[in-house]
Amino acid sequence: MGQAQTAQALSPLLAVCDVSVVFGGIVALNGVSFDMQQGQILGLIGPNGAGKTTLFNCLSRLYQPSKGDIRMEGASILKRPPHRIAEIGIGRTFQNVALFSNLSVFDNVRIGAHARTRSDIVSDALRLPGIRRNEVALNARVQEILNYLELEDVAHTIVSGLPFGTQKRVELARALAAEPKILLLDEPAGGLNHEEVYALGDLIRRIRNDRSVTVLLVEHHMGLVMSIADHVVALNFGRKLAEGTPAAVQSDPDVIKAYLGSKDQ
Ligand code: ATP
């Protein structure tokens, strides 16, 4: 392997560099750093109030760090507003599902796919030939994702009529339709039953393997994190407590102490 290749192989897809977030007097994150490598499933864990959501919101650009930087493929993302992170390959799902509940599954996923297209309102309205070609390609992409996530039977169903577990899959489909390099999943197991959590774990792994998507998973369901993550970062009181393989983090004395002292156990 040449020097350039070695450097490329080692440079992270996403780098969280010394990130701090202060709300009024509360330090929600305190100098947190870690890297995400291409193709990794990274689990972000920690007891209630540890700072997981705050970090997630920095990555999805809803919060601005008070200090530090977040770099995607070497370039800072901190000047980017939330609606422009899909363009650089960051996709996300929401803890409580944030779909257009009165639209069909197909249309919701199509909106996700639009996040990555370069068409503008004027060209769309004039239905220029290039735009029509884009539309055909876009619809085909949506259909492929619906098939992939076994949602084809409900493609034309209005989202609000679907069970919560299916809505979560639609949200995943919408995020995937923008062809993200990194998928940020905010407590995807929340509200799911045992079988659904198991199936979700399988699905996340399949998405990573089949579609080369790197995954950051914020999750309270320790069984899910430990069974699918390649790498785990544990936070407590806004600081990084430990990071490493699931087995190493699970047996880390500081992590055990943090969880024993929290309401999570
Ligand atoms: P949980 O598992 O309970 O969701 P968490 O690990 O996601 O917790 P955060 O929600 O990031 O933790 O909270 C970290 C700290 O920052 C907490 O002390 C919390 O009260 C505080 N905090 C979070 N968001 C805000 C906000 N918008 N304004 C003020 N304080 C906040």
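Read the numbers this way: they start at 1 and go in the same order the structure lists the ligands and their atoms. All residue numbers in this chain count up from 1 along the given sequence.
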Is there any N or O on [X] that sits under 3.5 Å from an N or O of ligand 1?
{"X": "Gly51", "value": "yes"}
{"X": "Glu187", "value": "no"}
{"X": "Ala50", "value": "yes"}

Go through ligand 1 atom by atom and flag the ones less than 4.0 Å from a non-hydrogen atom of [X].
{"X": "Thr54", "answer": "9 (P), 11 (O), 13 (O), 14 (C), 23 (C)"}
{"X": "Thr53", "answer": "4 (O), 5 (P), 7 (O), 10 (O), 11 (O)"}
{"X": "Pro47", "answer": "6 (O)"}

Step-by-step salt bridge (Lys or Arg N to Asp or Glu O under 4.0 Å) determination, Glu87 to Arg84: CA-CA 6 Å; Glu87 287 169 22; Arg84 294 203 50 205; 2.9 Å; yes
Nearest candidate to atom 8 (O) of ligand 1, where distance is taken over non-hydrogen atoms, out of Gly49, Gly25, Gly238: Gly49
NZ/NE/NH1/NH2 to OD/OE distance under 4.0 Å, [X] and [Y]:
{"X": "Glu179", "Y": "Arg141", "answer": "yes"}
{"X": "Glu187", "Y": "Lys52", "answer": "no"}
{"X": "Lys257", "Y": "Asp252", "answer": "no"}

Ring-face cation contact, Tyr148 with Arg206, 6.0 Å cut, 45° max: yes
Side chain, backbone, both or neither: Phe237 near ligand 1, heavy atoms under 4.0 Å: neither
Residue-ligand contact Phe56/ligand 1, heavy atom below 4.0 Å: no
Val22 with Leu78, same ILVMFWY side-chain cluster at under 4.5 Å: no
Aromatic plane relationship, Phe106 with His156 - under 30° parallel, 30 to 60° tilted, over 60° perpendicular: parallel
